[in-house]
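Sequential numbering from 1 along the given sequence is applied to the chain's residues. All values reported here derive from a predicted model rather than from experimental measurement.
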Amino acid sequence: LSSKPKISGQILNPKTLQADHTVYSVARLNREARQLLERGFLNLWVSGEVSNLSRPASGHIYFSLKDENAQVSCAMFSRQNRKINFQVENGIQVLVHARVSVYEPQGRYQLIIEHMEQAGEGLLRQRFEELKQKLSNEGLFSESKKKPLPSLPNTIGIITSPSGAAIRDILNILKRRYPLARIIIYPTRVQGKNAEKEIINALNLATQANVCEVLILARGGGSLEDLWTFNEESVARSIYECPIPLIAGIGHEIDVTIADLVADQRAPTPSGAAEIIAPDANELKQKLESYERRCLLKLKQLWSGVSENFSQIISRFERSKPSSVLQQLEQKVDISTKQLIRAISVELEKKQYNISTYNQRLKYTSPSALVANNFVLLNNLQKRISLIGQKKIDQKNQFLTLLENKLNAVSPLATLERGYAIINTADKKKVIQNSKKIEIGQEILIRLAKGELRAKVIKKNN
């Protein structure tokens with residue numbers, strides 16, 4: 001703004017103003033101040049506490065955004081606040097995306113709110129935007145740095161959780177579309193503590209092994225907090241430094257992470273990543289068959305042209321009767337014909353070999369071959385189980401025999417074999433050990449090694 005004329009205790013006549021002094025009206029001052037602020041502060045993210053909330057009938061929202069040291073007036077018009085998915089009230093912490101302006105009639109400095117989030121998710125969103133801008137400035141998202149994906153990869157590496165739905169979807173699609181590929185799974189957590197380190201370790205392991213031609217980094221959908229592992233700077237830099245082409249399939253189609261932006265290609269979902277990287281085996285077979293038909297057609301055309309030229313040459317020489325030259329040419333034609341037939345045979349053998357190879361590979365990956373292999377494996381397991389079971393039975397029998405021998409060694413029956421006897425009461429309820437506990441005339445039962453005797457006491461010596 002131009003400087004105002006100084007007034008030092010005297011009445012200033014407007015006629016005495018210098019040519020380079022400009023007198024502003026209040027309206028003009030407020031208008032130009034608003035224009036200056038709006039041009040100088042665009043797309044600001046500001047966090048603070050809501051206070052002095054007002055909701056007039058117009059549907060607009062007016063409030064102050066404050067922290068411990070200051071506050072600023074805010075206005076959010078109805079077309080923007082319809083998008084808010086939480087209750088705005090005094091005392092809550094929010095993160096707003098706004099532009100700076102001036103309310104001209106009152107000369108009041110204010111923020112015009114375009115978007116508002118609660119502080120938790122809002123701070124994550126702010127961190128996301130800051131890291132996104134930082135890495136973009138460093139060129140990590142540059143299209144010129146992205147590596148092309150292989151068209152027919154022999155080995156595909158998958159970095160994801162081994163227990164999530166993403167790995168099942170990817171494997172099902174790869175098995176259906178491209179069963180010839182070798183799959184290597186690098187299991188890792190995709191959320192929570194240590195997930196960041198595990199993903200980086202998996203990328204390093206795949207790089208050191210150097211057997212995969214392409215990598216798929218994937219996980220299912222979730223909130224911004226759930227997907228935050230893929231917004232970490234260390235993960236983004238590891239993806240950027242990975243020499244193997246990498247496709248990211250993280251979350252749902254609307255979810256975009258830093259890892260998606262750094263990857264060589266982004267897929268909307270884990271299943272989409274598998275479909276992008278895996279060609280359709282049926283389409284490949286159709287292409288091979290088409291190439292074979294085109295080669296045969298081309299060879300027939302060449303053969304037809306050679307035969308026609310040969311016929312023309314024969315006709316010309318027959319008219320001129322150059323017998324010696326004709327003989328040489330006939331020999332040359334014979335040699336050329338043999339070479340052509342040999343070349344045709346070699347080319348046909350190559351094509352047939354390729355077709356046979358692909359058919360054989362498809363045969364090995366067919367369900368019937370897998371079922372047969374599983375039956376063989378099942379029979380082997382049954383035999384092993386039977387052998388192990390028999391071994392266990394033999395061990396238990398030996399143990400029982402040992403126990404039986406020990407029991408026999410301490411059994412009173414063994415004592416009977418040596419000529420001793422056991423004397424019980426007649427009802428077998430009590431063993432008699434003391435003659436004082438039996439009466440004259442009482443019946444007793446004598447148990448021998450073989451058999452029993454029933455007797456009556458006629459005399460006792462205590």
Item to complete: Give the C-alpha distance, both sets of side-chain angles, the deciding distance and a yes or no for side chain to side chain contact (heavy atoms under 4.5 Å, CB included) between I113 and F77.
Response: CA-CA 8 Å; I113 309 299; F77 300 113; over 6 Å; no
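- Taking 4.5 Å as the limit, some side-chain heavy atom of M116 sits within range of a side-chain heavy atom of V88.
- Side-chain contact between I444 and V457 is present, with at least one heavy-atom pair separated by less than 4.5 Å.
- A donor-acceptor contact under 3.5 angstrom links the side chains of Q390 and D394, judged on distance only.
- Heavy atoms of other residues, nucleotides or ligands lying less than 6.0 angstrom from CZ of R182 number 12 at most.
- Here R99 pairs with E114 in a salt bridge; the nearest charged N to carboxylate O distance falls below 4.0 Å.
- More than 12 heavy atoms of other residues, nucleotides or ligands lie within 6.0 Å of CG in L403, so this atom counts as buried by the packing criterion.
- R177 places a side-chain N or O within donor-acceptor distance of the main-chain N or O of A278, the cut-off being under 3.5 Å.
- The main-chain N or O of I258 is found under 3.5 Å from a side-chain atom of N231 such that the two form a donor-acceptor pair.
- A 4.5 Å side-chain heavy-atom check between C74 and Y62 finds every atom pair outside the cut-off.
- Within the 3.5 Å criterion, the main-chain N or O of V376 finds a donor-acceptor partner in the side chain of N380.
- Side-chain contact between I173 and Y178 is absent, with no heavy atoms from C-beta onward closer than 4.5 Å.
- Taking 4.0 Å as the cut-off between side-chain N and carboxylate O, R189 and E198 count as a salt-bridged pair.
- Side-chain contact between L246 and V214 is absent, with no heavy-atom pair separated by less than 4.5 Å.
- Between the side chain of E213 and the backbone N or O of N154, at least one donor-acceptor pair lies under 3.5 Å.
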Distance-only criterion, 3.5 Å: show the donor-acceptor pairs between side-chain atoms of residues 342-357 and protein atoms not counting sequence neighbours.
residue	atom	partner	partner atom	Å
S345	OG	I341	O	2.8
N354	ND2	K350	O	3.3
T357	OG1	Y353	O	2.8

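- In this structure, a donor-acceptor pair under 3.5 Å is present between the side chains of Q133 and N137.
- For R219 (side chain) and G221 (main-chain N/O), a donor-acceptor pair under 3.5 Å exists by modelled atom type.
- Here CD1 of I158 is found 10.5 Å from OH of Y186. Values are rounded to the nearest 0.5 Å.
- A distance-only check finds a donor-acceptor pair linking the side chain of S238 to the backbone of S234 [under 3.5 Å].
- Residues I239 and I199 have side chains not in contact (no heavy-atom distance under 4.5 Å, counting atoms from C-beta outward).
- Using a 4.5 Å heavy-atom cutoff, the side chains of S73 and Y103 are not in contact.
- Side-chain atoms of N405 come within 3.5 Å of backbone atoms of T401 as a donor-acceptor pair (strictly under, hydrogens ignored).
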Worksheet entry | Stepwise side chain to side chain contact (heavy atoms under 4.5 Å, CB included) test for N52 and F63 | CA-CA 5 Å; N52 301 322; F63 60 95; 5.7 Å; no
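- Using modelled atom types, no side-chain atom of K132 and backbone atom of R127 make a donor-acceptor pair closer than 3.5 Å.
- Classification of E138 and R237 as a salt-bridged pair holds, one side-chain N sitting under 4.0 Å from a carboxylate O.
- The pair D264-K146 does not count as a salt bridge, with every side-chain nitrogen at least 4.0 angstrom from each carboxylate oxygen.
- Between the side chain of D255 and the backbone N or O of H252, at least one donor-acceptor pair lies under 3.5 Å.
- With T207 contributing its side chain and L203 its backbone, the two residues share a donor-acceptor pair below 3.5 Å.
- The shortest distance between side-chain heavy atoms of V94 and F86 falls below 4.5 Å.
- In this structure, a donor-acceptor pair under 3.5 Å is present between the side chains of S142 and S144.
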